[in-house]
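See structure below.
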Amino acid sequence: MASPVKVLDTFGSGFVHRALAALRLKGVPYELIQEDMSNKSELLLKHNPIHKKVPVLLHGDRAVCESLVIVEYIDEAFNGPPLLPADPYERAMARFWAQFIDQKFAGPFWMSFWSTDDESRQGIMMEAKQNLLLLEAQLQGKRFFGGDSIGLVDIAGSALAHWLGVFQEISGVALLTDDEYPVLCQWAKCYTDDETVKQCLPKRDELVAYFTANKERYKILANAMLQK
Amino acid sequence: MMAGGDELKLLGMWASDFALRAKLALSLKGLSYDYIEEGLSNKSELLLSSNPVHKKVPVLIHNGKPVCESMIIVQYIDEVFTGTGPPLLPADPYERAIARFWAAFVDDKLLASWVQASWAKTEEEKAEGQKQMLAAVETLEGAFIECSKEKPFFGGDSAGYVDVALGSLLKSARAAEKRRGFRLFDASKTPLLATWAERFGELEAVKAVMPDVDRMVEYAKMGLAKAAAAASAN
């Protein structure tokens with residue numbers, strides 16, 4: 001009998017979405033356990049003592065942490081359509097671009113949207129835009145980074161597909177625009193329209209409300225990041 | 001044995017932790033390759049065209065196709081050369097996830113705080129980096145217990161993914177110990193890691209690629225001198 005799968009979750013997390021998208025694409029049923037990140041549960045602290053963050057995947061008595069580690073675990077532990085290519089070289093490419101997204105987009109994008117230091121922000125935004133161009137080039141006429149179906153890189157980039165629009169609306173800063181990145185914007189639409197994946201995407205208006213409410217906090221965080 | 005017609009080239013830099021990881025993996029697997037030493041300031045056309053995104057070493061070029069990023073290279077080597085040498089990652093998906101988690105921890109927590117401890121602008125930030133570095137090593141002592149399951153290496157009977165990720169830091173750790181008596185793996189604080197470090201360092205495959213400690217000490221001195229000169233020039 002298959003062990004139950006649970007995911008420790010918090011509203012609006014792009015990282016949690018990665019785990020959920022992978023589970024849905026593999027056809028694995030799961031239960032969500034909502035965490036209040038300002039009051040972390042014993043369960044969370046027990047299963048992710050190192051980082052104390054979500055997502056955490058609980059599979060029977062196993063706990064897996066770190067969103068992309070979780071996605072690869074899901075791909076390897078369960079049957080269902082593969083999330084990574086079969087060829088080792090293509091797998092290395094997929095891992096490279098997933099890592100690129102993780103390393104290049106979080107920090108610079110955060111600072112681009114929220115920081116109030118206009119001068120420093122310009123340089124960071126330029127870097128962010130260059131990195132978006134690199135991603136755009138990777139799509140090269142494919143529907144998804146994974147080819148015909150959603151794969152590791154698409155899942156890694158899901159925040160670009162769904163969350164970026166929300167941040168752009170709230171902050172008034174436009175990074176990913178149709179005219180500059182037509183292929184990437186088309187990909188974003190394909191991702192968010194996908195029948196399987198859209199079931200675990202948070203509602204856009206709820207994300208807008210949530211992030212708007214926390215706007216001032218993000219500005220402080222972004223300015224602090226700029227100092228480093 | 002490598003299949004007929006397999007051509008492996010590694011673009012590296014002798015003092016780079018990340019290039020050392022690729023060398024360790026190749027060495028542990030018993031694979032032969034052409035090594036090309038890259039200068040830090042004068043990057044070759046081959047490097048720039050093989051790694052246009054980051055323009056950094058290591059790059060493994062297998063039959064003309066480049067693979068970049070150290071731990072991605074390690075996984076690639078493991079997946080392609082399955083019949084050659086010991087496996088670097090376990091077969092079980094959960095154990096693989098644990099190995100990937102800890103390798104990421106080495107980079108995000110240990111290496112990052114070491115960089116802060118060495119290069120941060122203020123003494124305060126350096127001290128904080130040092131503190132975090134030592135905390136990370138203590139956490140890794142627990143990781144060793146979890147991964148090794150009472151066997152000699154993180155990878156079990158033979159050195160694997162996490163051994164390579166952490167073991168590459170021995171290069172700089174030994175230099176730091178020689179230069180200023182600083183022990184990254186202190187037997188009084190992290191006894192298991194201290195013996196693991198000895199054991200890993202004694203492997204023939206590791207000795208074959210680990211840079212000479214005196215050369216590392218000289219290199220570190222040069223780096224500090226340059227940084228001091230740059231700081232005083234501002």
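Since the structure is predicted, the reported quantities are computational estimates derived from the model, not experimental observations. Just so we're on the same page: letters track the sequence lines, and every chain starts at 1.
For A:Gln99, the part sitting under 4.5 Å from any heavy atom of chain B is the side chain, from C-beta outward, and nothing else. Only the side chain of A:Gln103 comes within less than 4.5 Å of a heavy atom of chain B; its backbone N, CA, C and O stay farther away. In this structure, the portion of A:His51 lying under 4.5 Å from any heavy atom of chain B is its side chain and not its backbone. Contact annotation for A:Ile74: neither backbone nor side-chain heavy atoms come within less than 4.5 Å of a heavy atom of chain B. Proximity to chain A is absent for every atom of B:Pro52, based on heavy atoms less than 4.5 angstrom apart.
Here the CZ-CD1 distance, from A:Arg91 to B:Ile72, works out to 12.0 Å after rounding to the nearest 0.5 Å. Expressed to the nearest 0.5 Å, how far CD1 of B:Ile98 lies from CZ of A:Arg62 amounts to 9.0 Å. Atom CG of B:Asp92 sits about 7.5 Å away from atom OH of A:Tyr73, to the nearest 0.5 Å. Rounding to the nearest 0.5 Å gives a distance of 4.0 Å between CD of A:Glu76 and CZ of B:Arg96.
When every heavy atom of B:Val80 is checked against every heavy atom of A:Pro88, the shortest pair comes out as CG2-CB, 3.6 Å.
With chain A as the partner, the residue from B:His54, B:Arg100, B:Gln75, B:Lys109 showing the most heavy-atom pairs under 4.5 Å is B:Arg100.
For A:Lys40, the NZ atom sits in a packed shell: over 12 heavy atoms of surrounding residues, nucleotides or ligands are nearer than 6.0 Å. The number of heavy atoms from other shown groups lying within 6.0 Å of CE (A:Met126) does not exceed 12. Applying the 6.0 Å contact sphere to CZ of A:Phe15 captures no more than 12 heavy atoms from other residues, nucleotides or ligands. A 6.0 Å sphere centred on NZ of B:Lys29 holds more than 12 heavy atoms belonging to other residues, nucleotides or ligands. Within a 6.0 Å sphere centred on NZ of A:Lys129, heavy atoms belonging to other residues, nucleotides or ligands number more than 12. Heavy-atom contacts from other residues, nucleotides or ligands closer than 6.0 Å to NZ of B:Lys189 number 12 or fewer. A 6.0 Å sphere centred on CD of A:Gln199 holds more than 12 heavy atoms belonging to other residues, nucleotides or ligands. At most 12 heavy atoms of other shown residues, nucleotides or ligands fall within 6.0 angstrom of atom CD in B:Glu124.
B:Val67 has its side chain out of reach of A:Phe96: every pair of non-hydrogen atoms, C-beta onward, lies at least 4.5 Å apart. The closest side-chain heavy-atom distance from A:Ile50 to B:Phe101 is below 4.5 Å.
Using bins of under 30°, 30° to 60° and over 60° for the plane-to-plane angle, the ring pair A:Tyr89/B:Tyr76 lands in the perpendicular bin.
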